[in-house]
Amino acid sequence: MLSRQTLRSVSAARHFSSSASRQTKVAVLGAGGGIGQPTSLLLKQNKLVTSLSLYDIRGAPGVAADVSHVDTASEVKGYAADQLDQALDGAEVIVIPAGVPRKPGMTRDDLFNTNASIVRDLATAIGRVAPKAHILVISNPVNSTVPIVASVLENLKVFDPRRLFGVTTLDVVRASRFLAGIAGTDPADTPVTVVGGHSGVTIVPLLSQSAVGKAVNGEAWEKLVYRIQYGGDEVVKAKDGAGSATLSMAYAAAKFTNQLLRALGGEKGVVAPTFVKSPLFETQGVDFFSTNVELGVNGVEKIHPVGPLSAEEEKLIEACLPELKKNIAKGQSFVSSS
């Protein structure tokens, strides 16, 4: 018969083995920026993160020192501009909010030239140092930057479509919040699926699939759809030149990262809209599309179809696809010509 001491030792060993098996290093590239800083803080609070690696061309060691004082168990380390490889080494999940923010009068396409180069160079380093990492792209324009990452990794012969995600969660968060505001419900009880892409007319909220949303019609529906599609402009205008949606984007980024980490840890049934390599509209030249995706231990497990659409939503999809096709091609062309 085992003694109490032996049983305690066995129990402790099992606990250690279980916790040690999920040592998850998350890297944030662009951690010194307006999105990167609050994202880093939120990820420091996530118990599924055991190591947090913060990188930027300036300021990351300071952000890391600050965030490291938060009383959660994860270890935090900051890396300077010339330490990108060290920041990426061993990372299982890489979140990329790097790039310049949108200013008044700018569209996401206006950001393209600067952010495309930044994302291309980061993707090249990831392909070299951490080719099996799951990559979460926040840098705008997401409709183009995700194809840039895919093309770079393809050229390096390390692209795995199951491990690349464009973070469109902010569109989902906005849709839920804005609809709840109209209906007088709790956003937590008012989920809305948003498909397509991550800018303007490519953002397609499927309100007809929501028990609450299907009651909205006419002018109220048009205004709600417009607000979901152009919610970012609302923030840019309100900040009056001081930036774009950084805090809500950080919240959305941390939310999606948590969903992915749960799935990587073995939790079943984790479904979230995200912009991924998708067969849904491939025949129309749209290689990437955001729809509900079941996440699993390998990343993308199952891409769900768009589902039933109202006549109005079919028109939104019709407007989305040609614009999305152009955005995707722009990213792919940037890599092929650089």
Side-chain angles (χ1 to χ4, degrees), residues 28 30-43 56 59 63 95-115 118-119 136-146 166-183 186-188 190-205 207 213 216 220-257 272-275 290 316 320 323-324 327:
V28 179
I35 297 171
Q37 289 197 40
T39 298
S40 299
L41 174 61
L42 291 169
L43 291 176
D56 210 325
V63 174
V95 184
I96 309 180
V100 297
R102 195 151 60 107
K103 296 176 181 176
M106 290 177 71
T107 66
R108 284 182 171 85
D109 280 344
D110 293 331
L111 301 174
F112 181 83
N113 288 333
T114 299
N115 287 356
I118 292 170
V119 171
L136 282 55
V137 181
I138 297 169
S139 308
N140 276 317
V142 164
N143 294 355
S144 300
T145 53
V146 170
V167 179
T168 59
T169 312
L170 181 53
D171 303 323
V172 179
V173 166
R174 282 177 175 149
S176 178
R177 183 65 191 91
F178 298 165
L179 175 58
I182 290 173
D186 185 336
T190 319
V192 179
T193 297
V194 182
V195 303
H198 185 54
S199 66
V201 297
T202 71
I203 298 170
V204 180
L207 295 165
V216 181
W221 179 87
E222 291 175 3
K223 287 182 176 179
L224 177 57
V225 169
Y226 184 88
R227 192 181 181 203
I228 293 166
Q229 290 180 327
Y230 296 97
D233 294 350
E234 192 176 302
V235 178
V236 170
K237 183 179 178 182
K239 287 191 174 182
D240 195 22
S244 56
T246 53
L247 301 177
S248 54
M249 183 63 246
Y251 168 81
K255 182 172 185 173
F256 182 74
T257 304
T274 177
F275 189 66
S290 179
L316 292 179
C320 160
E323 183 67 20
L324 192 50
N327 297 161

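Because the structure is predicted, anything quoted here is derived from the model rather than measured.
- The local environment of OH in Tyr251 is sparse, with at most 12 non-hydrogen atoms from other residues, nucleotides or ligands closer than 6.0 Å.
- Leu43 and Ala254 get closest at one heavy-atom pair: CD2-CA, 4.4 Å.
- Counting all heavy atoms, side chain and backbone alike, Cys320 lies closest to Val204 at CB-CG2, 3.8 Å.
- Here the NZ-OG1 distance, from Lys255 to Thr39, works out to 14.5 Å after rounding to the nearest 0.5 Å.
- With sequence neighbours left out, the salt bridge (charged side-chain N to carboxylate O under 4.0 Å, His left out) criterion links Lys223 to Glu219.
- Side-chain atoms of Ser290 and Thr168 form a donor-acceptor pair, as typed in the model, at a separation below 3.5 Å.
- Thr246 approaches Pro38 most closely through the heavy-atom pair O-CG, 4.3 Å.
- Here the OH atom belonging to Tyr226 is positioned 6.5 Å from the CG atom belonging to Asp233, to the nearest 0.5 angstrom.
- Looking at heavy atoms from C-beta onward, Leu324 lies in side-chain contact with Phe275 at the 4.5 angstrom threshold.
- We find the CG-OG distance between Asp171 and Ser176 to be 12.5 Å, quoted to the nearest 0.5 Å.
- Side-chain contact between Val28 and Pro97 is present, with heavy atoms from C-beta onward closer than 4.5 Å.
- Counting heavy atoms from C-beta on, the side chains of Asn143 and Glu323 never come closer than 4.5 Å.
- Arg174 CZ to Met249 CE: the interatomic distance, rounded to the nearest 0.5 Å, is 8.5 Å.
- In summary, of the residues considered (Val192, Ile228, Val194), a side-chain contact (heavy atoms from CB on, under 4.5 Å) with Val172 occurs for Val194 alone.
- Heavy atoms from other residues, nucleotides or ligands lying under 6.0 Å from NZ of Lys239 number more than 12.
- Side-chain contact between Ile138 and Val95 is present, with heavy atoms from C-beta onward closer than 4.5 Å.
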Residues Thr145, Asn115; criterion side chain to side chain donor-acceptor pair (under 3.5 Å); working and verdict: CA-CA 8 Å; Thr145 53; Asn115 287 356; over 6 Å; no
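- Two residues are said to be in side-chain contact when any heavy atoms from C-beta on lie closer than 4.5 Å; Val201 and Tyr230 meet this criterion.
- Going from atom OG1 of Thr190 over to atom CD1 of Ile182 covers 11.0 Å, rounded to the nearest 0.5 Å.
- The distance from the OG1 atom of Thr274 to the NE2 atom of His198 is 10.5 Å, given to the nearest 0.5 Å.
- At least one side-chain heavy atom of Ser199 sits under 4.5 Å from a side-chain heavy atom of Asn327.
- Ala245 and Leu170 make their closest contact through CB-CD2, 4.4 Å (heavy atoms, listed as atom of the first residue, atom of the second, distance).
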